Trainee: 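Have a look at the structure that comes next, please.
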Amino acid sequence: MIKVNIKTVNDKIESIKISGHAMYDVHGKDIVCSAVSSITITTVNAILKLDSKAIDYVQDDSLTINIKKHDEVTLVLIQNMIDLLQELEKDYKKNIKINREVS
């Protein structure tokens, strides 16, 4: 299962960590993994193209996106990414789970 952990501090999204595997299909044919990858990579690339200091990210066994600037454009793109992942979660409940951590 893909796990998406959204960490919010003082009503601001601070980080998003995406880890795991969807296990919807075999490697290379997994449409859920492909969708999550496309959504997140497109969002990260768009934000970095607009402002290279708005976010940073670490990619190893997981992908962690750290939001550095909470300007309107960055927040709209991050919220759009979350909305798309939530739509995916509705259709593939066994393959992706979104968790919100609020402090």
Side-chain angles (χ1 to χ4, degrees):
M1 175 177 285
I2 293 175
K3 295 178 183 173
V4 179
N5 292 308
I6 303 167
K7 182 178 180 182
T8 304
V9 177
N10 297 325
D11 296 325
K12 292 182 181 180
I13 298 172
E14 294 294 323
S15 66
I16 300 167
K17 182 176 181 179
I18 302 166
S19 61
H21 298 283
M23 304 301 205
Y24 180 79
D25 203 342
V26 297
H27 183 75
K29 294 185 178 184
D30 194 316
I31 61 172
V32 179
C33 279
S34 293
V36 170
S37 293
S38 295
I39 291 166
T40 56
I41 291 168
T42 300
T43 301
V44 166
N45 286 343
I47 293 169
L48 291 174
K49 188 168 258 195
L50 293 168
D51 184 347
S52 63
K53 296 179 182 175
I55 62 170
D56 66 25
Y57 68 94
V58 177
Q59 187 171 6
D60 44 33
D61 290 342
S62 62
L63 172 66
T64 302
I65 303 166
N66 298 300
I67 293 87
K68 300 295 185 184
K69 291 185 180 178
H70 291 87
D71 61 90
E72 184 179 358
V73 173
T74 301
L75 295 179
V76 165
L77 289 169
I78 289 292
Q79 189 57 56
N80 183 67
M81 180 183 80
I82 292 168
D83 292 346
L84 292 168
L85 293 171
Q86 287 174 328
E87 287 298 315
L88 199 57
E89 181 186 35
K90 287 179 188 175
D91 293 336
Y92 299 96
K93 292 179 176 138
K94 295 179 181 177
N95 308 100
I96 179 171
K97 174 71 176 151
I98 298 173
N99 179 52
R100 292 183 180 266
E101 178 186 330
V102 179
S103 3

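It should be emphasised that the depicted structure is a prediction, and the values quoted were computed from it without experimental measurement. Both backbone and side-chain heavy atoms feed into the values below; hydrogens, waters and symmetry mates do not. Along the sequence shown, residues are numbered consecutively beginning with 1.
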Trainee: Between atom NZ of Lys97 and atom CD1 of Ile2, what is the distance when rounded to the nearest 0.5 Å?
Mentor: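 So the gap between those two atoms works out to 14.0 Å.
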Trainee: Check whether any side-chain N or O of Thr42 sits under 3.5 Å from a backbone N or O of Ile39 as a donor-acceptor pair, and report yes or no.
Mentor: no
Trainee: For Ala35 versus Leu88, what's the shortest heavy-atom pair and its separation?
Mentor: CB-CD2, 3.8 Å
Trainee: When clusters are formed by joining ILVMFWY residues with side-chain heavy atoms under 4.5 Å apart, either directly or through shared neighbours, do Ile67 and Val76 land in the same one?
Mentor: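 Not linked; separate clusters.
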Trainee: Restricting to non-hydrogen atoms, name the atom on Tyr92 and the atom on Ile31 that form the minimum distance, rounded to 0.1 Å.
Mentor: OH-CD1, 3.5 Å
Trainee: Looking at Ala54 and Thr74, what are the two nearest heavy atoms and their distance?
Mentor: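 Nearest heavy atoms, Ala54 then Thr74: CB-OG1, 3.4 Å.
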Trainee: Between Val44, Asn45, Thr43, which is the residue that forms a side chain to side chain contact (heavy atoms under 4.5 Å, CB included) with Ile47?
Mentor: Thr43
Trainee: Any chance you could lay out the side-chain contact (heavy atoms from CB on, under 4.5 Å) test for Glu89 and Val4, step after step, and finish with the verdict?
Mentor: CA-CA 10 Å; Glu89 181 186 35; Val4 179; over 6 Å; no
Trainee: Any chain of hydrophobic side-chain contacts (each under 4.5 Å) joining Ile96 to Met23?
Mentor: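 No, no single cluster joins them.
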Trainee: Is there any salt bridge (charged side-chain N to carboxylate O under 4.0 Å, His left out) pair reaching into residues 50-61, and which pairs are they, with sequence neighbours excluded?
Mentor: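 As it turns out, the salt bridge (charged side-chain N to carboxylate O under 4.0 Å, His left out) pairs with a partner in residues 50-61, which skip direct neighbours, are Asp51-Lys69, Asp56-Lys68.
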Trainee: By the definition side chain to side chain contact (heavy atoms under 4.5 Å, CB included), identify the one residue from Asp83, Leu77, Leu85, Leu84 that meets it with Met81.
Mentor: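 Between Met81 and the candidates, side chain to side chain contact (heavy atoms under 4.5 Å, CB included) is satisfied uniquely by Leu85.
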Trainee: Looking at every non-hydrogen atom in both residues, tell me the closest pair between Ser62 and Ser19 and how far apart they are.
Mentor: CB-CB, 3.6 Å
Trainee: Between Ile41 and Val73, is there shared hydrophobic-cluster membership here, with clusters defined by ILVMFWY side-chain heavy atoms closer than 4.5 Å?
Mentor: no
Trainee: A quick test of your reading: do over 12 heavy atoms of other residues, nucleotides or ligands sit less than 6.0 Å from NE2 of His70?
Mentor: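 Result for NE2/His70: enclosed.
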Trainee: Are Leu75 and Ile55 joined in one hydrophobic group, where the rule is that I, L, V, M, F, W and Y side chains link up if heavy atoms are under 4.5 Å apart?
Mentor: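 No: no chain of side-chain contacts under 4.5 Å links Leu75 to Ile55.
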Trainee: Can you tell me how far CD1 of Ile65 sits from CG of Leu48, rounded to the nearest 0.5 angstrom?
Mentor: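 Those atoms lie 9.5 Å apart.
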Trainee: Do any pairs count as a salt bridge (charged side-chain N to carboxylate O under 4.0 Å, His left out) and have a residue in residues 12-34, sequence neighbours left out, and if so which ones?
Mentor: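 Salt bridge (charged side-chain N to carboxylate O under 4.0 Å, His left out) check on residues 12-34 returns no pairs.
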Trainee: Leu50 and Ile82: same hydrophobic cluster, using ILVMFWY side-chain contacts below 4.5 Å?
Mentor: yes
Trainee: Drop me the distance from Lys3's NZ to Asn99's CG, to the nearest 0.5 angstrom.
Mentor: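 Here the interatomic distance stands at 9.5 Å.
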Trainee: Which is it for Thr40 and Gln59 under the side-chain contact (heavy atoms from CB on, under 4.5 Å) test, yes or no, and what are the steps along the way?
Mentor: CA-CA 12 Å; Thr40 56; Gln59 187 171 6; over 6 Å; no
Trainee: Sequence neighbours left out, what passes salt bridge (charged side-chain N to carboxylate O under 4.0 Å, His left out) with Glu101? Give chain and number order.
Mentor: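 Glu101: no salt bridge (charged side-chain N to carboxylate O under 4.0 Å, His left out) contacts found.
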